[in-house]
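To find a chain, count down the sequence lines: A is the first, B the second, and so on, and within it residues start at 1.
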Number of protein chains: 2
Amino acid sequence: MTIRDVAARAGVSPATVSRVFTQPDAVAPDTRRRVLDAAEELRYTPNPVARSLARRRTGNLGIVVPDIANSYSAMIIKAVQLEARHAGYALFVAASEELLDDEERVARALAPQVDGLLLASPLGTDAYLRELAELVPVVVTNRLVDGVSAVVAESAETTGHAVEHLHALGHRDIAYLAGPDGYSNTRRLAGLRDAGDRLGLRPVVLGPFPARFSSGVRAADLVLAAGVTAVVAFNDDIAAGLLNRFADRGVRVPDHVSVVGHDDTALAEMVTPRLTTVHIPAGAAGVTAAQMLITQLRGDNGAPRRSELSSELIVRGSTGPAPARPA
Amino acid sequence: MTIRDVAARAGVSPATVSRVFTQPDAVAPDTRRRVLDAAEELRYTPNPVARSLARRRTGNLGIVVPDIANSYSAMIIKAVQLEARHAGYALFVAASEELLDDEERVARALAPQVDGLLLASPLGTDAYLRELAELVPVVVTNRLVDGVSAVVAESAETTGHAVEHLHALGHRDIAYLAGPDGYSNTRRLAGLRDAGDRLGLRPVVLGPFPARFSSGVRAADLVLAAGVTAVVAFNDDIAAGLLNRFADRGVRVPDHVSVVGHDDTALAEMVTPRLTTVHIPAGAAGVTAAQMLITQLRGDNGAPRRSELSSELIVRGSTGPAPARPA
DNA sequence: GACGACTGTGTAACCGGTTTCGCGACGTTT
DNA sequence: AAACGTCGCGAAACCGGTTACACAGTCGTC
């Protein structure tokens, strides 16, 4: 069923049929009726591929995340997907699996078939990201690159608040479980160090660990061996792994050791005790990034924009007063 | 940069350039060299949209899941995405948000711009699914529809095993927390009833509940009020919610009450105690479904296929001997 | 040396839409 | 009644590739 079939059936030219579907009030009401009826009878629906070619825009957005199964990514994808659909875009999703090469390959493959690209916590170099941004409108999250629009929902300060919180509870020996090298980990580490310096603490840094539950399980024993009374983990998954292993070893949280996560994913509320964690507004970041991209696509000049969302320490049950002596 | 630019630069016709990129050994080695050099210098890369139009296939697959943030969906998406990429396809992801209308709308919107469509646990009617399958090759998971290829990883029997397990532990009063109406819930309920009849038990059915953590939290008190000693939940999220609320109320698992989940998502290992759960091989189902779809696209006649994966009861810490008297 | 098979390449139609441009009909203005 | 603006529509070019077909040149065969 092509536009020409419909045109023939309705006794008009293909151009008119096209208009009916793109600028309906550029065509006389009764002609429109005839065309719509013909389209209906033929069960015609415009071919989006042909339309993309002619219009030179696809109506698609793409997003590249480090790992789909990771709940932080999932929150962003979900937000972006909703926002995209709302604006009439479909969404391509691709995962880099935390591999630099894949990220680049995937992004380049996606670029020519989308109108805009979102990169969540990208690993690539600044130069590559800028180059990609030449090719297609790009918005990155959790990353700052000159000349590329960005949404960050990451503040070193808030990690600092976590340290202050622990310090106020009497903790003096704190460990940080590093995540994969990248913007987030660097910022979190910086916030930790700053606050540590201010308060006269020298946090022990362990890792880097993959940002997974199993890393936390493994790290738990290292933490105990390090003789600290509190741990700040790169993310909630790692923190949940800690809690799990601590429970198995009979180490009570927060009585023996306090645990702080990052991200405030759904998991934080699901574990026992609930996680004290640095809330990163992933959903809001996704929405903002998507909107930013879409406004850019609507012509709003090409100047890169930047948006900063505020994070916040959420105190729950996994932190408490430091024990008299380390676990 | 179009194919004609490259052709001009290399001193050949557009057809030859096209051949270089599609059937490289149909063109003489030195011509090929010249074309590739020209393409390189012009940083030319074939426009996938134009290519899709001409070839009448897009190189894209689509997947519609009930909820992206749901970890069961995430496991499937991840598996499918990997498999798709491996076969040279990009993946569209869309969520129905558990809304029937959205599912249909989204699927129809995706259909014309993909070569094949995967529907994970679809809600739509059989008729609609069959109709969709006329439009574009479709594979569904966790659902059986005549004439549509399917992968099921759901067996009523395994839910029955959970009941036997509980019965063997001395439980006589069991509750089932129903999930959203659909294939999975129906099967699970059937398995439960069958086993119940066989063993002389009459499970109390509560719900239906949305398949979320918060449902479990809410359901926990209903469960206690029902005076049962064991609960089988529709999925792990609900089960985790139960554990959470039980912990808050001081109800010990499995001493006071035993809990069984479904799906064996990552969460099952993350909670305390670890969840006894019916393992559904979501990843394998995703891989199988994707492969099935891809083989179908490769011409392998149009006959609908069907694949059944086996589920399995995984016993972990959340189930134990029935207490002398209900909690 | 003529014939046929095979290779490599170009011409042009095609995929299914969109959009520029121009034309005729009609209504308004003077 | 002539001049002008507006409206609705069609013809045709175009988006950027692919591919059927034709054709020229080369090689092997009898």
Output yes when at least one side-chain N/O atom of [X] is less than 4.0 Å from OP1 or OP2 of [N], else no.
X     : N      : result
A:R56 : D:dC14 : no
B:T2  : D:dG16 : no
B:T31 : C:dT9  : yes
B:T16 : C:dT9  : no
A:R51 : C:dT18 : yes
A:R55 : C:dT18 : yes

Which residue lies more 5' along DNA chain C, comparing A:F21 with B:D25 via nearest heavy atoms: B:D25
B:G11 vs B:A50, nearer the 5' end of DNA chain C by closest nucleotide: B:G11
Residues A:K78, B:D67: salt bridge by 4.0 Å N-O rule: yes
B:R105/B:D102 salt bridge by N-O under 4.0 Å criterion: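 Between B:R105 and B:D102 there is a salt bridge, with a charged N closer than 4.0 Å to a carboxylate O.
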Which nucleotide in [options] has an atom nearest any side-chain atom of [X]:
X     : options                : answer
A:T22 : D:dG17, C:dT18, C:dG16 : C:dT18
A:S18 : C:dT18, D:dC21, C:dA12 : C:dT18
A:L53 : D:dA11, C:dG17, D:dC15 : D:dC15
A:P46 : C:dG8, D:dG17, C:dG17  : C:dG17

Side-chain H-bond candidate by donor/acceptor type, A:E154 with A:S184, under 3.5 Å: yes
Minimum side-chain heavy-atom gap B:T31-B:V12 below 4.5 Å: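 Sidechains of B:V12 and B:T31: in contact.
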Length of the line joining [X]:[atom1] and [N]:[atom2], which is rounded to integer Å:
X     : N      : atom1 : atom2 : result
A:D5  : C:dG16 : CG    : C1'   : 10 Å
A:N47 : C:dG16 : CG    : P     : 7 Å
A:I3  : C:dG17 : CD1   : P     : 5 Å
A:R57 : D:dG16 : CZ    : C1'   : 17 Å

Donor-acceptor contact present, side-chain A:D5 to main-chain A:T2, <3.5 Å: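 The answer is yes, because a donor-acceptor pair under 3.5 Å joins these two groups.
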Sugar-phosphate only, base, or nothing, as touched by B:A28 at under 4.0 Å among non-hydrogen atoms: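 Touches sugar-phosphate only.
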Sugar-phosphate only, base, or nothing, as touched by B:V12 at under 4.0 Å among non-hydrogen atoms: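 Answer is sugar-phosphate: B:V12 comes under 4.0 Å of backbone atoms only.
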Any N/O donor-acceptor pair, B:R19 side-chain to C:dG10 base, under 3.5 Å: yes
